[in-house]
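See below for the structure under consideration.
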Amino acid sequence: MGDRAFTIGNAVVLATFAFLCVYPLWYILILSVNEGRDASLGGIYWWPRTFTLDNYYVMLSDRTILNAFWITVQRTVIGTLGSLLVTSLVAYALSRKELPGRQPLLLVFLFVMLFSGGLIPFYIQLIHLGLINNFWVYVVPSLFSIWNMFVMKTSFQNNIPESVVESVKLDGGGYMRIYFYIVLPFSMPLFAALGLFTAVGHWNDWYTGAFFVHDIDLQPLPTYLQRMLSTIEARQMISASQMTTMNQARLYNPDAITPKSVRMATIMIAVLPILLVYPFLQRFFVKGVLIGSVKE
């Protein structure tokens, strides 16, 4: 009876927690497909009362937001692949005990991970590198992750048999051959898990675009969404969409949308793509994280 009561109680707690996590997203979704004027009256909790896709039409008819979405996709793909490549190469080198100066380098990386120079030195460094108001400011500073490097290094040391590495050396293979033909195939679950974390970080990053990029055509979707939190910005986008609709002589109901409803649609467009990736990589999570853990 005690085990059964615990199981039921555990299921209730987990179901409640899952509901608290899922419902806010569901609430945003139903507001995004409901007429804005009608939604402002309140009373919508589970299903849209007056269904419409005008909110999405207004958002997708804005050239700036489509460009911001494309910038976000580019930085996520390039930044994630580049970070995995650079970080894994450093981790592989530091996992080899024959590397000269290996221990001092690890101490330097550990110190840098714990202490940083701050925002002002970082901004000055970006200026000298010519990355301010440049697309590559999203990619270059994040190419190397010290935390991911330590996780990868531990994984390479614990999960790649040294006998396999030695056999490749005996066959005349160099370190790069070992990396591409031994390290990468053995570490794909780890790469999938860390790659997803890195991609989510790139996709959700609004800070870089807000402070280091002034050109609106180079700002990513999260930065644009942060600007959309301003009612004035949302009204300007609605007005521009109405003008486009009038020029194209398409049916459009301007009373069906409000700045809040457009913001809800923008949030859904920003959230859905990264959510759709999770089911395909979920099976790599536990294995990928454990494979980089310290083994006794």
Side-chain angles (χ1 to χ4, degrees), residues 75 78-132 134 136-202 205 207-208 211-212 284 287-296:
R75 69 165 294 186
I78 299 175
T80 301
L81 295 179
S83 178
L84 289 177
L85 177 62
V86 174
T87 304
S88 62
L89 285 173
V90 176
Y92 169 62
L94 293 174
S95 68
R96 305 306 305 168
K97 296 181 180 181
E98 62 268 22
L99 177 69
R102 175 172 173 267
Q103 290 301 326
L105 284 175
L106 289 174
L107 291 177
V108 170
F109 284 129
L110 180 61
F111 181 84
V112 174
M113 184 177 67
L114 298 177
F115 304 97
S116 65
L119 178 61
I120 295 178
F122 180 63
Y123 189 83
I124 295 175
Q125 185 181 32
L126 293 180
I127 293 176
H128 288 309
L129 293 175
L131 295 178
I132 297 296
N134 191 313
W136 294 104
V137 74
Y138 302 125
V139 178
V140 175
S142 60
L143 280 178
F144 179 64
S145 171
I146 299 179
W147 174 263
N148 289 349
M149 183 273 294
F150 278 110
V151 175
M152 290 181 178
K153 168 185 165 296
T154 304
S155 172
F156 297 160
Q157 290 177 332
N158 294 336
N159 298 284
I160 298 179
E162 189 64 26
S163 58
V164 177
V165 175
E166 292 298 330
S167 65
V168 175
K169 288 182 179 180
L170 292 176
D171 291 337
Y175 287 107
M176 294 305 296
R177 187 177 184 88
I178 295 173
Y179 171 79
F180 284 106
Y181 288 91
I182 303 298
V183 174
L184 289 185
F186 270 89
S187 306
M188 289 309 295
L190 175 66
F191 276 62
L194 295 181
L196 181 59
F197 297 148
T198 304
V200 171
H202 275 284
D205 177 34
Y207 184 89
T208 305
F211 290 92
F212 304 132
F284 294 112
K287 184 178 181 180
V289 173
L290 292 180
I291 201 173
S293 61
V294 178
K295 293 185 177 181
E296 298 293 339

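Note that this is a predicted model, so its numbers are computed, not measured. Numbers here are sequence positions counted from 1.
Taking a 6.0 Å sphere around CD1 of I120, one finds it holds 12 or fewer heavy atoms contributed by other residues, nucleotides or ligands.
In this structure, the separation between CD1 on I146 and OG1 on T87 is 9.5 Å, given to the nearest 0.5 Å. Note that CG of L105 is 9.5 Å distant from CD of Q103, once rounded to the nearest 0.5 Å. Separation of atoms CG (L143) and CG (L81) is listed at 11.0 Å; rounding is to 0.5 Å. I124 contributes atom CD1, which lies 10.0 Å from atom CG of L119 (distance to the nearest 0.5 angstrom). Atom CD1 of I182 sits about 12.5 Å away from atom CZ of F156, to the nearest 0.5 Å. Summarising the geometry, atom CG belonging to N148 is positioned 7.5 Å from atom CG belonging to L84; distances are rounded to the nearest 0.5 Å.
In this structure, S142 contributes its side chain and V139 its backbone to a donor-acceptor pair below 3.5 Å. S155 places no side-chain N or O within 3.5 Å of a backbone atom of V151 that could act as its donor or acceptor partner.
The aromatic rings of F212 and Y123 are tilted relative to each other, their planes meeting at an angle between 30° and 60°. Using a 30° and 60° split on the angle between ring planes, F144 and F109 fall in the tilted class, from 30° to 60°. Ring-plane geometry between Y92 and Y179 is classed as tilted, the angle between the planes lying from 30 to 60 degrees on a 0 to 90 degree scale.
Of all the heavy atoms in R102 and K153, the pair that sits closest is NH2-CE, 3.7 Å. Contact record, M176 with L89: CE-CD2, 4.3 Å, taken as the closest heavy-atom pair. What you find for P141 and L126 is that their closest heavy atoms are CG-CD2, 3.9 Å. Across all non-hydrogen atoms, the minimal contact from A91 to M152 is CB-CB, 3.6 Å.
Under the 4.5 Å side-chain criterion, counting only non-hydrogen atoms from C-beta, E98 is in contact with Y175. Within the 4.5 Å cutoff, the side chain of V137 has no heavy atoms near those of the R75 side chain. A heavy-atom distance below 4.5 Å is not found between the side chains of L106 and L110.
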